**Student:** 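This is the structure I have questions about; it appears just below.
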Amino acid sequence: MLAGIPKNPSKNNPVTSYENCIKRAKVVAKSMLNNNYIDQVTYDHLFEQDIPIYGKSTENNLQMLMYYQDAVIKELKSLKEIPTSLMESGGIKIYTTLDLEAQKDMEENILENTKDENVQVASIIVDPNTGAVRALTGGMNYAKSQYNRALNSKRQVGSTMKPFLYYAALENNLTMSSTFSSEPTTFNLSNGQTYAPNNASDVYAEKNITMAAAVAFSDNIYAVKTHLFLGLDKMVEVANRTGIKEDLNEVASLPLGTSEINLIDYATGYTTFASGGYKKDLYFIERIEDLEGNILYEHEKEKTLVLNPNYTYILNELLTSTTNSAFVDYTTPTALNIKKKLTNKYAIKTGTTNTDYWIVGYNKDALVMTWMGYDNNEKMNNAVRNSAKNAWADTIEDALKETETTWYETPKNVVALPLHAITGASTNDSNKATLFYYLKGSEPNYLKEQFVNKEEKDKEN
């Protein structure tokens, strides 16, 4: 092994590249045999066991890992079961939810996709089945900035707030094919004021569009019309039900994400969607033992059903429209440009403000939420948006690389109809058709009649 190192010290380093080192050592050993420095018996018994490398550091060089440790310490201090004296004496062993491989992959994906040295990040990977946080970062480099943006900051969340509105809409008898007109609109509010939101880049359909299309394009006009139609309290109530603790203002602009929310708080709400409607507290500590192995604390995996599973399923299908090419029309779905990176089906929502970019997506096995922006509130740009999107896509794919993941099972009370993505009407155009999901009995009457008649004709034929 020692003789093999000088030829390529970096490649054949036994500490960092053990396999390469052994491969080179075998070449050296063969040469020693051929030159009669060792006999055949000695050669045959080489490399039968792994060689321990004493003094090898168990530390890693992850520059974002300490942000996760911050979260563990914060949770530890909140546990009444653990006396402060034990914490200070170091007399405890803490077992966390950390998946070091997922943390490593997330960090690498963020760094590889981000070229702006001034941009900052907060990102989290959650297991929706338990609420366990598998990975977390609160910045680009802990050595340069210990401020943990995942734990301590609140940022405007942009259009990622809209799913809480659309769940409320589904719960109040609107459907995926419900339409509003997307056009420049000035709203007269009950307080006597007016509100005139804009779509991104001032792009409007200038026609009626479905809820599914409104989600795909993140149409602001549709969202505000829905919000005012339902009543300002409905969306807030849903957000609170999912576990968001932030005090949200009942204002017309709420669906556009004008409220500031902390990433952990926000990810809790989204985890409720990802879990099929069950609220779970996010956590970092699995259990704590004393030095003798006695369990002092163990996380209780509790879940509470707070959303209707039928509507939650429909919402999750609704959020797949952001990568669905059937919605390409007067504009394109907001996450279509990363579709080629995705091998699994995800519910995805993006959100942009003048100073923030968010992307969150999930299926039943993983949820990843990522924020990017500047500490000095510098204006958002396309480069940061693309960095966040690509980092998110690479991270969630890596998080599931060892998992045989499947999409949610369709509830028995939910039916699907193939309709035109933009209008919600029946269509023979396969490029524009997509599945719309309904609670049985909520399909529009004209569709009920049409598809019932079609089924009868098919039976006759």
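Only a predicted model underlies this, so the values are computations on that prediction, with no experimental measurement involved.
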**Student:** Is it true that the side chains of Asn294 and Asp290 contain a donor and an acceptor less than 3.5 Å apart?
**Tutor:** yes
**Student:** For Arg149, which residues count as a side chain to side chain donor-acceptor pair (under 3.5 Å) partner, sequence neighbours excluded?
**Tutor:** Ser145, Asp375
**Student:** Ile92 and Leu291: which non-hydrogen atoms are nearest, and at how many Å?
**Tutor:** N-CD2, 4.2 Å
**Student:** Give the minimum heavy-atom separation between Ala252 and Leu189, together with the two atoms involved.
**Tutor:** CB-CD2, 4.0 Å
**Student:** Regarding Ser177 and Tyr438, is there a side-chain donor-to-acceptor distance under 3.5 Å anywhere?
**Tutor:** yes
**Student:** Look at atom CD of Glu48 and say whether more than 12 heavy atoms of other residues, nucleotides or ligands are closer to it than 6.0 Å.
**Tutor:** yes
**Student:** Using the side-chain contact (heavy atoms from CB on, under 4.5 Å) rule, take Met1 and Ile22 through it: C-alpha gap first, then chi angles, then the decisive distance, then the call.
**Tutor:** CA-CA 7 Å; Met1 288 173 65; Ile22 295 299; 4.0 Å; yes
**Student:** Kindly give the heavy-atom pair with the smallest separation between Ala29 and Phe47, and that separation in Å.
**Tutor:** CB-CE1, 4.0 Å
**Student:** Tyr346 and ring pair (Phe, Tyr, Trp, His ring centres under 6.0 Å): which partner among Tyr408, Trp392, Trp407, Phe273?
**Tutor:** Trp392
**Student:** Show, in sequence, the C-alpha distance, side-chain angles and deciding distance for Asp105 and Thr395, and conclude whether the side-chain contact (heavy atoms from CB on, under 4.5 Å) test is met.
**Tutor:** CA-CA 6 Å; Asp105 289 339; Thr395 297; over 6 Å; no
**Student:** Assign the ring pair Tyr222 / Tyr166 to parallel, tilted or perpendicular, where the plane angle (0 to 90°) is split at 30° and 60°.
**Tutor:** tilted
**Student:** Tell me whether Asn12 contacts the main-chain N or O of Gly4 through its side chain, where contact means a donor paired with an acceptor under 3.5 Å.
**Tutor:** yes
**Student:** Going by atom types alone, do Thr370 and Ser123 pair a side-chain donor with an acceptor below 3.5 Å?
**Tutor:** yes
**Student:** Can you name the nearest heavy-atom pair linking Glu107 to Leu62, along with the distance?
**Tutor:** OE1-CB, 3.3 Å
**Student:** Let's go through His299 and Arg287 carefully: what are the C-alpha distance in whole Å and the side-chain angles of both, what is the deciding distance for side-chain contact (heavy atoms from CB on, under 4.5 Å) to 0.1 Å, and is it a yes or a no?
**Tutor:** CA-CA 6 Å; His299 177 78; Arg287 73 180 187 279; over 6 Å; no
**Student:** Is a side-chain donor-acceptor pair under 3.5 Å present for Asn337 with Arg385?
**Tutor:** no
**Student:** With a 3.5 Å cut-off and no angle check, do the side chains of Lys349 and Ser218 form a donor-acceptor pair?
**Tutor:** yes
**Student:** So does Lys245 get a backbone contact from the side chain of Asp265, meaning a donor-acceptor N/O pair under 3.5 Å?
**Tutor:** yes
**Student:** Can any side-chain N or O of Gln146 pair as donor or acceptor with the backbone N or O of Tyr142 at less than 3.5 Å?
**Tutor:** yes
**Student:** Tell me whether the count of non-hydrogen atoms from other residues, nucleotides or ligands lying under 6.0 Å of OH in Tyr95 goes above 12.
**Tutor:** yes
**Student:** Under a 3.5 Å distance rule, please check whether Thr97 uses its side chain to pair with a backbone N or O of Val133 as donor and acceptor.
**Tutor:** yes
**Student:** Please round to the nearest 0.5 Å and tell me the distance separating atom CG of Leu165 and atom NZ of Lys234.
**Tutor:** 12.0 Å
**Student:** Does the side chain of Val72 come within less than 4.5 Å of Ile94's, by heavy atoms?
**Tutor:** yes
**Student:** Between Thr114 and Met140, is any pair of side-chain heavy atoms under 4.5 Å apart?
**Tutor:** yes
**Student:** Could you grab the distance from atom OG of Ser78 to atom CD1 of Ile285, nearest 0.5 Å is fine?
**Tutor:** 7.0 Å
**Student:** Return yes if some donor-acceptor pair links the side-chain N/O of Thr312 with the main-chain N/O of Asn308 below 3.5 Å, else return no.
**Tutor:** yes
**Student:** When you compare the side chain of Glu260 with that of Val157, does any pair of heavy atoms fall below 4.5 Å?
**Tutor:** no
**Student:** In terms of side-chain heavy atoms, does Asn344 have a donor or acceptor partner in Thr405 at a distance below 3.5 Å?
**Tutor:** no
**Student:** Do Tyr167 and Thr272 have a side chain donor and acceptor closer than 3.5 Å?
**Tutor:** no
**Student:** Where is the tightest heavy-atom contact between Ile264 and Leu282, given as atom of each residue plus distance?
**Tutor:** O-CD1, 3.9 Å
**Student:** I'd like to know if the side chain of Tyr18 reaches the main chain of Ile51, judged simply by a donor and an acceptor atom lying under 3.5 Å from each other, with no hydrogens or angles considered.
**Tutor:** yes
**Student:** Would you please indicate yes or no on a ring centroid separation below 6.0 angstrom for Trp371 and Tyr266?
**Tutor:** no
**Student:** Strictly distance-based, threshold 3.5 Å: is any side-chain N or O of His227 a donor or acceptor partner for the main-chain N or O of Val251?
**Tutor:** yes
**Student:** Which residues pass the side-chain contact (heavy atoms from CB on, under 4.5 Å) test with Asp394, not counting sequence neighbours?
**Tutor:** Asn109, Asn113, Lys341
**Student:** Step by step, work out the side chain to side chain donor-acceptor pair (under 3.5 Å) result for Ser182 and Asp219.
**Tutor:** CA-CA 7 Å; Ser182 169; Asp219 191 282; 2.6 Å; yes
**Student:** I'd like to know if the side chain of Glu317 and the backbone of Phe436 have a donor-acceptor N/O pair within less than 3.5 Å.
**Tutor:** no
**Student:** Would you check if Glu289 and Leu296 make a side-chain contact, meaning some heavy-atom pair closer than 4.5 Å?
**Tutor:** no
**Student:** Is the side chain of Thr350 donor-acceptor paired with the backbone N or O of Thr334 at a distance under 3.5 Å, no angle test?
**Tutor:** no
**Student:** Taking it one step at a time, do Leu98 and Phe284 satisfy side-chain contact (heavy atoms from CB on, under 4.5 Å)?
**Tutor:** CA-CA 7 Å; Leu98 175 67; Phe284 296 84; over 6 Å; no
**Student:** Check step by step if side chain to side chain donor-acceptor pair (under 3.5 Å) holds for Asn381 and Tyr374.
**Tutor:** CA-CA 11 Å; Asn381 58 67; Tyr374 299 93; 3.2 Å; yes
**Student:** How long is the span from the CG atom in Leu76 to the OG1 atom in Thr96, to the nearest 0.5 Å?
**Tutor:** 12.0 Å
**Student:** Is the number of heavy atoms from other residues, nucleotides or ligands within 6.0 Å of NZ (Lys23) greater than 12?
**Tutor:** no
**Student:** Do Met369 and Tyr362 come within less than 4.5 Å of each other through their side chains, counting heavy atoms only?
**Tutor:** no
**Student:** Please confirm whether Lys303 makes a cation-pi placement over Tyr278, using NZ or CZ under 6.0 Å from the six-membered ring centre and within 45° of the ring normal.
**Tutor:** yes
**Student:** Got Ile124 and Val368 here, is their nearest side-chain heavy-atom distance under 4.5 Å?
**Tutor:** no
**Student:** Within this structure, what is the CE-CG distance for the pair Met106 and Leu65, rounded to the nearest 0.5 Å?
**Tutor:** 9.0 Å
**Student:** With a 3.5 Å distance limit and no angle check, can you tell me whether Thr210 reaches the backbone of Ala213 through a side-chain donor-acceptor pair?
**Tutor:** yes
**Student:** To the nearest 0.5 Å, how far apart are CE in Met176 and CG in Leu315?
**Tutor:** 9.5 Å
**Student:** Would you say Asp247 has more than 12 foreign heavy atoms packed within less than 6.0 Å of its CG?
**Tutor:** no
**Student:** Between Tyr437 and Asn310, is any side-chain donor less than 3.5 angstrom from a side-chain acceptor?
**Tutor:** no
**Student:** Write down the atom of Val28, the atom of Ala3, and the distance for their closest heavy-atom approach.
**Tutor:** CG1-CB, 3.9 Å
**Student:** Find out whether Asn240 and Glu237 are in side-chain contact, i.e. whether some heavy atom of one side chain is under 4.5 Å from a heavy atom of the other.
**Tutor:** no
**Student:** Side chains of Glu246 and Ser259: any donor to acceptor distance under 3.5 Å?
**Tutor:** no
**Student:** Under 4.5 Å between any side-chain heavy atoms of Asn198 and Asn220, yes or no?
**Tutor:** no
**Student:** Nearest 0.5 Å, what's the CG-CE distance between Leu256 and Met161?
**Tutor:** 11.0 Å
